[in-house]
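The first residue of the sequence shown is numbered 1, and numbering continues consecutively from there.
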Amino acid sequence: MSLYPCRVCQENKPRDSRHFYRAPENADGLRTACIQCTKEAARVRYAQDPESVLSVKRERRRGRATYFATSPQWNAA
């Protein structure tokens with residue numbers, strides 16, 4: 001198993017889904033920042049502006065609710 005450096009902490013870690021989140025847009029299917037660094041960045045972002053983070057979550061939730069309510073394949077028979 002090859003080791004890959006996290007782009008944030010530069011620590012070498014195995015290039016697998018236990019150490020890096022998935023990212024289908026990347027060639028190998030994994031993000032370039034490790035899970036710990038990604039989580040820490042999210043914590044910092046939330047601590048700096050919680051209302052912004054929560055408003056994005058609310059919008060995504062509304063969008064999913066609208067999609068499932070209007071999509072014929074998800075309507076209950």
Colleague: Give me each pair satisfying side-chain hydrogen bond (donor to acceptor under 3.5 Å, both in side chains) with a member in residues 1-11, each pair once, sequence neighbours excluded.
Modeller: Arg7-Thr32
Colleague: Got a sec, which residues hit salt bridge (Lys or Arg N to Asp or Glu O under 4.0 Å) with Arg58, two or more places apart in sequence or on another chain?
Modeller: Glu51
Colleague: Taking only residues two or more places apart in sequence, or in another chain, which ones meet Pro14 in a side-chain contact (heavy atoms from CB on, under 4.5 Å)?
Modeller: Met1, Leu3, Asp16, His19
Colleague: What residues, two or more places apart in sequence or in another chain, satisfy side chain to side chain donor-acceptor pair (under 3.5 Å) together with Gln48?
Modeller: none
Colleague: Quick one: salt bridge (Lys or Arg N to Asp or Glu O under 4.0 Å) pairs with a partner in residues 27-42, sequence neighbours left out?
Modeller: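 Output for this query lists Arg15-Asp28, Glu40-Arg43.
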Colleague: For Arg61, give me all partners under salt bridge (Lys or Arg N to Asp or Glu O under 4.0 Å), at least two apart in sequence or on another chain.
Modeller: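 Partners of Arg61 by the salt bridge (Lys or Arg N to Asp or Glu O under 4.0 Å) criterion come out as none, since no residue qualifies.
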Colleague: To which residues is Val53 joined in a hydrophobic cluster, defined by side-chain heavy-atom contacts under 4.5 Å among Ile, Leu, Val, Met, Phe, Trp and Tyr, whether direct or through other members?
Modeller: Tyr46, Leu54
Colleague: Who else is in Ile35's hydrophobic cluster (ILVMFWY, side-chain heavy atoms under 4.5 Å, direct or via others)?
Modeller: Tyr21
Colleague: Between Ala33 and Val8, which heavy-atom pair has the shortest distance, and what is it?
Modeller: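 The pair with the smallest heavy-atom distance is CB-CG2, 3.9 Å.
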Colleague: Are side-chain heavy atoms of Glu59 and Arg64 found at a separation under 4.5 Å?
Modeller: no
Colleague: What's the separation between atom OG in Ser55 and atom CG in Asp49, rounded to the nearest 0.5 Å?
Modeller: 7.5 Å
Colleague: Using modelled atom types and a 3.5 Å cut-off, is there a donor and acceptor pairing between side-chain atoms of Ser71 and backbone atoms of Phe68?
Modeller: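 Flag not set: sc Ser71 to bb Phe68 has no pair under 3.5 Å.
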Colleague: I need the minimum non-hydrogen distance between Cys37 and Cys6, along with the two atoms involved.
Modeller: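 For Cys37 versus Cys6, the nearest heavy atoms are SG-SG, 3.7 Å.
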Colleague: Glu25: what forms a salt bridge (Lys or Arg N to Asp or Glu O under 4.0 Å) with it, not counting sequence neighbours?
Modeller: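 In terms of salt bridge (Lys or Arg N to Asp or Glu O under 4.0 Å), with neighbours along the sequence ignored, Glu25 is linked to no residue.
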Colleague: Going by side chain to side chain donor-acceptor pair (under 3.5 Å), name the residues that satisfy it together with Arg22, two or more places apart in sequence or in a different chain.
Modeller: none
